[in-house]
Protein chains: 2
Amino acid sequence: MHRHAGSDAGADPHACGADPGAVLARGEALCRERGLQFTPLRREVLEAVAAAERPQGAYDVAERLSRPGRRVAPVSVYRALDFLMEQGLVHRIASRNAFIPCAHAHGPGEGVVFLICRTCGGVDETSSREVERGLGRTLERAGFRPSHSILEVEGDCGACLERERAG
Amino acid sequence: MHRHAGSDAGADPHACGADPGAVLARGEALCRERGLQFTPLRREVLEAVAAAERPQGAYDVAERLSRPGRRVAPVSVYRALDFLMEQGLVHRIASRNAFIPCAHAHGPGEGVVFLICRTCGGVDETSSREVERGLGRTLERAGFRPSHSILEVEGDCGACLERERAG
DNA sequence: GGCGGGTTTGTTACAGTGTATCACCCCCGC
DNA sequence: GCGGGGGTGATACACTGTAACAAACCCGCC
């Protein structure tokens with residue numbers, strides 16, 4: 001899954017994980033542009049995360065990439081994931097200890113909302129200027145200077161609600 | 001710490017963890033009212049979390065409660081924490097795998113924002129109708145029915161910013 | 001061509017977080 | 001007394017993440 005769920009008026013829609021090819025292409029372009037190495041391992045890890053329907057744990061990825069004759073240790077996956085997160089190519093879902101791909105660039109300070117479906121397990125990513133603005137005001141009132149924030153919502157996605165209604 | 005950082009106009013201020021006695025009193029009252037057992041272990045776990053300045057891990061609590069002659073296993077602490085969370089007496093900070101006390105009742109569906117200071121490690125709890133409203137609209141637009149959400153902001157709290165400016 | 005230095009990866013070991021399972025205990029109602 | 005349910009103790013285990021060090025690799029430079 002990792003569909004995009006829409007965002008505030010004016011924001012670009014984007015597809016998170018909808019197309020592994022697009023994610024890989026973005027990773028490659030982005031690394032070239034920044035003079036960083038898009039190594040085979042990093043590519044494979046990104047590919048594994050992007051190909052999955054649901055958030056993948058580091059150990060899931062390690063298992064996916066391991067075959068008889070080639071073992072990929074979790075620690076290697078963690079390093080690749082750290083790199084990919086720094087570059088904004090994957091996100092970590094704190095409430096699940098798992099990772100999802102991200103195919104679009106986030107603006108600086110732009111808030112992201114993760115929509116985690118408890119039925120199908122998929123995760124959508126969206127953003128909201130409304131939430132961002134409200135949060136900014138709230139933090140200001142509290143005298144708190146933010147550096148990073150996570151907003152994860154668990155519930156039922158539209159598709160699963162529809163399926164439930166029909167079935 | 002666990003100070004209260006203020007909330008939207010009209011919302012009651014509340015002190016999370018500011019007064020362990022108040023937290024315990026609320027726990028006791030709430031269990032009596034709901035016909036649940038506020039056992040010694042649960043009380044001790046809540047007390048340990050409430051007395052701490054910063055979020056406590058389950059293993060921290062287990063260590064705190066253990067003395068020569070009496071060992072409290074982490075698993076027991078987890079069970080107590082699960083109970084306390086269900087009753088809304090403690091919150092879990094997902095980004096830290098740790099727990100903080102909560103001395104006030106949250107309204108149904110009321111959003112809570114955790115402000116995590118990366119300098120002093122303390123956590124403030126606040127709420128914002130603005131954020132809640134914006135999030136509600138965003139979720140509606142996405143066709144997503146929420147059951148539970150977490151909003152954690154990491155940064156620098158006012159006190160630490162002040163201290164930095166002075167020192 | 002060989003050398004030095006930074007980055008990436010492999011490997012092992014370990015720390016930290018959370019859960020499953022079963023036995024025991026205690027209390028309460030029948 | 002006796003059965004049953006909730007709570008706790010205890011052990012073992014699964015899952016998540018990091019530290020430390022060695023080996024491989026790449027690239028510029030002499």
Side-chain angles (χ1 to χ4, degrees), chain A residues 27-28 31-32 34-49 52 54-87 89-100 121 150 152, chain B residues 27-28 31-32 34-49 52 54-87 89-100 121 150 152:
Chain A
E28 195 158 1
C31 286
R32 194 169 44 239
R34 298 180 186 172
L36 301 171
Q37 302 179 237
F38 196 56
T39 66
L41 179 63
R42 289 169 179 173
R43 166 184 288 273
E44 286 174 271
V45 169
L46 180 55
E47 197 166 11
V49 172
R54 304 185 308 159
Q56 296 291 293
Y59 280 67
D60 296 333
V61 175
E63 197 174 347
R64 253 174 199 257
L65 298 185
S66 293
R67 293 163 306 181
R70 185 209 182 196
R71 166 182 138 84
V72 176
V75 62
S76 296
V77 175
Y78 275 110
R79 284 191 287 231
L81 286 171
D82 285 344
F83 172 84
L84 295 171
M85 275 195 290
E86 278 169 21
Q87 307 312 318
L89 290 163
V90 307
H91 294 299
R92 182 182 142 82
I93 307 296
S95 61
R96 296 290 179 103
N97 297 324
F99 303 84
I100 62 170
I150 64 176
E152 300 176 9
Chain B
E28 195 157 3
C31 286
R32 194 168 43 239
R34 297 180 187 173
L36 302 171
Q37 301 179 239
F38 196 55
T39 66
L41 178 63
R42 289 171 179 173
R43 165 184 288 274
E44 287 174 88
V45 169
L46 180 55
E47 198 167 11
V49 172
R54 304 185 307 157
Q56 298 290 294
Y59 280 68
D60 297 333
V61 174
E63 198 174 346
R64 252 174 200 257
L65 298 185
S66 292
R67 293 163 307 181
R70 186 210 180 196
R71 166 181 137 84
V72 176
V75 62
S76 297
V77 175
Y78 275 110
R79 283 190 288 231
L81 286 171
D82 285 344
F83 173 84
L84 295 171
M85 275 194 292
E86 276 170 23
Q87 307 312 318
L89 291 163
V90 307
H91 294 298
R92 183 183 142 83
I93 307 296
S95 60
R96 297 291 179 102
N97 297 323
F99 303 83
I100 63 171
I150 64 175
E152 302 176 8

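Nothing here was measured: the structure is a model prediction, and the numbers come from that model. Values below: every heavy atom of this structure, side chains too, minus hydrogens, waters and symmetry copies. In the text below, chain A, chain B and the rest are named by the order of the sequence lines, each starting its count at 1.
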For A:Ala58 and B:Phe83, take the nucleotide of DNA chain D holding the closest heavy atom to each; which residue's nucleotide lies nearer the 5' end?
B:Phe83

Selected nucleotide, minimal atom distance to A:Asn97 side chain, candidates D:dT16, C:dT17, D:dT11:
D:dT16

What is the distance, to the nearest angstrom, from the CZ atom on A:Arg96 to the P atom on D:dG17?
14 Å

Ignoring the backbone of B:Gln37, work out which of C:dT9, D:dT18, D:dG7 is nearest its side chain.
D:dG7

Integer-rounded Å distance: C:dT19 P and B:Arg79 CZ
12 Å

Flag yes if more than 12 heavy atoms outside B:Arg34 fall under 6.0 Å of its CZ atom; otherwise flag no.
yes

Given side chains that start at C-beta, do those of B:Glu44 and B:Arg64 come closer than 4.5 Å, heavy atoms only?
no

Name the nucleic acid region contacted by B:Val72, choosing base, sugar-phosphate or nothing; use a 4.0 angstrom heavy-atom cut-off, strictly under.
nothing

For C:dT8, does OP1 or OP2 lie under 4.0 Å from any side-chain N or O of A:Ser76?
no

Taking C:dT8, C:dG18, C:dT11 as options, the one with an atom nearest any side-chain atom of B:Phe99 is C:dG18

For A:Ala98 and for B:Tyr59, find the nucleotide of DNA chain D with the closest heavy atom, then tell me which residue's nucleotide is more 5'.
B:Tyr59

Just compare D:dG17, D:dT11, C:dG18 and give me whichever is closest to any side-chain atom of A:Tyr78.
D:dG17

Sugar-phosphate, base or nothing in reach of A:Arg70, heavy atoms under 4.0 Å:
nothing

Looking at B:Glu152 and B:Ile93, would you say the former's side chain and the latter's main chain have a donor-acceptor pair under 3.5 Å?
no

